[in-house]
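These notes concern the structure reproduced below.
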Amino acid sequence: MAAGQTSQEPDRGAAVPEAGPDPAALLGWYDAHRRTLPWRAPPGAPADPYRVWLSEIMLQQTTVTAVQPFYARFLARFPDVNSLASAPAEAVMQAWAGLGYYSRARNLHACARTVVAEHGGAFPASLDGLLALPGVGPYTAAAVGAIAFDLPAAAVDGNVERVISRIYRVEEPLPGAKPRIRALTQALVPALRPGDFAQAMMDLGAMICTPRRPACGVCPWMGSCAARAAGDAETFPRKAPKKAVPSRFGAAFVGVRADGAVLLRTRPPEGLLGGMDEPPGGAWREGDAMPALADLLQEAPFAAPWRPAPGGVRHVFTHFRLELVVFVAIVATDYAAPAGMRWVRRADLARSALPNVMRKVVAHGLEFAGRARSGVE
DNA sequence: CAGACGTGGGC
DNA sequence: TGCCCAAGTCT
């Protein structure tokens, strides 16, 4: 659609919805068009709270496509809350490596242990009980409550914010509009099938009421949508302008043993990539350009014949861009790991808790080491 | 409450 | 390339 003007008031002449959105109409659409997802119980079957909770945590700020393989592997490895609670933290971080937002994994593990220690292994069936669990906020508590326990809770995620802001043409930008959107949503939650209603709202947002080019022509609520009537659905929800993301620069040091093993350490438990593995690295400094190689080399974790691998590694985080020079040094197989670090054999790298940015660093360093050893450079 | 917190895909 | 987006939570 044409985006239309961005600062308009409701058109006096525009068509106006004849009635409010009907939850039953949405449920009817859901029964016919619902997505089949691995964490979803078949129609009419009760949902497993553990699986619902696990999927909701994984899906926070993460696409269904990205979650699917992680969910399958994770569930195979930790089939129930007891197996997760009794697992070591490293195993959980390893299973989460690559999914991002690693505090979710820490909180997931803490949550499983809380459920086992304080709730006898059963998830609390109340909103307050769920909300008290680590990593469970207003959205997740409502989603698990509605889907797994039939609580008439409003699970308001990004999909629902988009759907509701269009239906009612909410002019206030996010995040300020959240309380209003939540109240508007809560008023629609049906006493029967609240879990299906929650999932229907998400499917509607994901399949029909999409951020760009919404398929208003096949929407079960098209007759009740103020934005559709005004022809500017795509401009909702209104959002506060974003800030520019700064760049940071630094060095990573990939120590490679003659037998191919790589030197890794584990990051501190809190903060960026908390609890995840990495090759040792220097500080990441904000700026406009990469510091001189000689300056970066000052931060080498130990003395070795460090050489910069051509190209480096770029990565984009939510709040900054990162550019790393990857220094590589090949050392003897009997070289002892410095304090706080360990040698990880090539075959074991896949089972380490390397976040993707650090996987890129290791791959880049190993590629250069391989070429250097075969004398191809 | 604004900022921290990953990653990959679409356009 | 760059910007936006995706089932948020915690501090």
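Order of the sequence lines fixes the chain letters, A, B, ..., with proteins taken first and strands second; residue numbering starts at 1 for each chain. Worth knowing before you read on, the calculation uses all heavy atoms, side chains too, and leaves out hydrogens, waters and symmetry mates.
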**Request:** Please check if the side chain of A:His364 supplies one atom and the backbone of A:Val326 the other of a donor-acceptor pair under 3.5 Å.
**Result:** no

**Prompt:** Is the cationic atom of A:Arg166 (NZ for Lys, CZ for Arg) positioned less than 6.0 Å from the six-membered ring centroid of A:Phe236 and within 45 degrees of its normal?
**Reply:** no

**Message:** In whole Å, I'd like the distance from the OH atom of A:Tyr101 to the P atom of C:dT11.
**Reply:** 15 Å

**Message:** Over all strands shown, is A:Ile57 touching base, sugar-phosphate only, or nothing at heavy-atom distances under 4.0 angstrom?
**Reply:** nothing

**Asked** Just by distance, do the side chain of A:Arg351 and the backbone of A:Gln94 share a donor-acceptor pair under 3.5 Å?
**Response** no

**Asked** How long is the line joining CG of A:Leu99 and C1' of B:dC5, in whole Å?
**Response** 14 Å

**Request:** Give a yes/no answer on whether the side chain of A:Lys360 brings an N or O atom under 4.0 Å of OP1 or OP2 in B:dT7.
**Result:** no

**Asked** Which nucleotide in the list B:dT7, C:dC4, B:dG6 gets nearest to the side chain of A:Val357?
**Response** B:dT7

**Message:** Any base atoms under 4.0 Å from A:Arg162, or only sugar-phosphate, or nothing? Heavy atoms, all strands.
**Reply:** sugar-phosphate

**DNA chain B: 5'-proximal contact among A:Pro175 and A:Gln60 (nearest heavy atom)** = A:Pro175

**Request:** Run the ring-centre check on A:Phe74 versus A:Phe78 and record whether the distance is less than 6.0 Å.
**Result:** yes

**Request:** Quickly work out the A:Arg314 CZ to B:dT7 P distance and round it to whole Å.
**Result:** 16 Å

**Prompt:** Counting any heavy atom closer than 4.0 Å, what does A:Trp53 reach on the DNA or RNA strands: base, sugar-phosphate only, or nothing?
**Reply:** nothing

**Message:** Need one value for A:Gly98: base, sugar-phosphate or nothing, where a base atom within 4.0 Å counts as base even if backbone is also close, heavy atoms only.
**Reply:** sugar-phosphate

**Prompt:** Honestly, is A:Arg267 close enough over A:Trp284, meaning NZ or CZ under 6.0 Å from the six-membered ring centre and within 45° of the axis?
**Reply:** yes

**Prompt:** Roughly how far apart, to the nearest Å, are C:dC4 and B:dG3 at atom P?
**Reply:** 15 Å

**Request:** Starting from P on C:dC4, measure out to NZ on A:Lys239 and report it in whole angstrom.
**Result:** 10 Å

**Message:** Heavy atoms from C-beta onward define the side chain here; which of B:dT7, B:dG6, C:dC4 lies closest to that of A:Lys242?
**Reply:** C:dC4

**Asked** Of all the choices, B:dC5, C:dC5, B:dA2, which nucleotide is nearest to the side chain of A:Lys243 once you look at every atom?
**Response** B:dA2

**Request:** Let me see the working for A:Phe302 and A:Tyr335 under ring-ring contact (aromatic ring centres under 6.0 Å, His included), right down to the final yes or no.
**Result:** CA-CA 12 Å; A:Phe302 56 91; A:Tyr335 196 102; 5.5 Å; yes

**Item:** A:Glu323 and A:Arg248 ion-paired at < 4.0 Å
**Value:** no

**Request:** In whole angstrom, give the distance that lies between atom CE of A:Met276 and atom C1' of B:dT7.
**Result:** 12 Å

**Verdict with reasoning, A:Trp39 to A:Tyr71, per ring-ring contact (aromatic ring centres under 6.0 Å, His included)** = CA-CA 8 Å; A:Trp39 45 84; A:Tyr71 177 81; 5.2 Å; yes

**Asked** For the side chain of A:His319, counting heavy atoms from C-beta on, which of B:dG6, C:dC4, B:dA4 is nearest?
**Response** B:dA4

**Asked** Does the pair A:Glu171/A:Arg169 count as a salt bridge with the N-to-O cut at 4.0 Å?
**Response** yes

**Request:** Quick one: label A:Leu37 by what it contacts on the DNA or RNA (base, sugar-phosphate, nothing), any heavy atom closer than 4.0 Å.
**Result:** base

**Message:** Using a 4.0 Å heavy-atom cut-off, does A:Gly271 contact any base of the nucleic acid, only the sugar-phosphate backbone, or nothing at all?
**Reply:** sugar-phosphate

**Request:** Take the protein atom CG of A:Leu322 and the nucleotide atom P of B:dG6, then report the distance between them rounded to whole Å.
**Result:** 12 Å

**Asked** Looking only at atom P, what distance separates C:dT9 and B:dG8, rounded to whole Å?
**Response** 23 Å

**Request:** Give a yes/no on whether any side-chain N or O of A:His315 is located under 4.0 angstrom from OP1 or OP2 of B:dG6.
**Result:** no

Contacts under 3.5 Å, N or O only, protein and nucleotides 9-11 of chain B:
none

**Asked** In whole Å, what is the span from the CE atom of A:Met202 to the P atom of C:dA6?
**Response** 14 Å

**Message:** Let's see if you get this right: which residues in residues 135-152 of chain A place a heavy atom under 4.0 Å from DNA chain C?
**Reply:** A:Gly135, A:Val136, A:Gly137, A:Pro138, A:Tyr139, A:Thr140

**Item:** Distance test, side-chain N/O of A:Asn356 to OP1/OP2 of B:dG8, below 4.0 Å
**Value:** yes

**Message:** Would you measure the distance from the P atom in C:dA6 across to the matching atom in B:dC5 and give it in whole Å?
**Reply:** 23 Å

**Asked** Can you check the A:Arg321 CZ to B:dT7 C1' distance for me, whole Å?
**Response** 14 Å

**Message:** I want to verify a distance call: between B:dG6, B:dG8, C:dC5, whose nearest atom is closest to the A:Pro211 side chain?
**Reply:** C:dC5

**Request:** For atom CZ of A:Arg314, decide whether the heavy atoms of other residues, nucleotides or ligands shown that lie under 6.0 angstrom number more than 12.
**Result:** no

**Note: A:Asp31-A:Arg193 ion pair, threshold 4.0 Å (strictly below)** = yes

**Item:** Comparing A:Leu131 and A:Thr63 on DNA chain C - which has the more 5′ nearest nucleotide
**Value:** A:Thr63

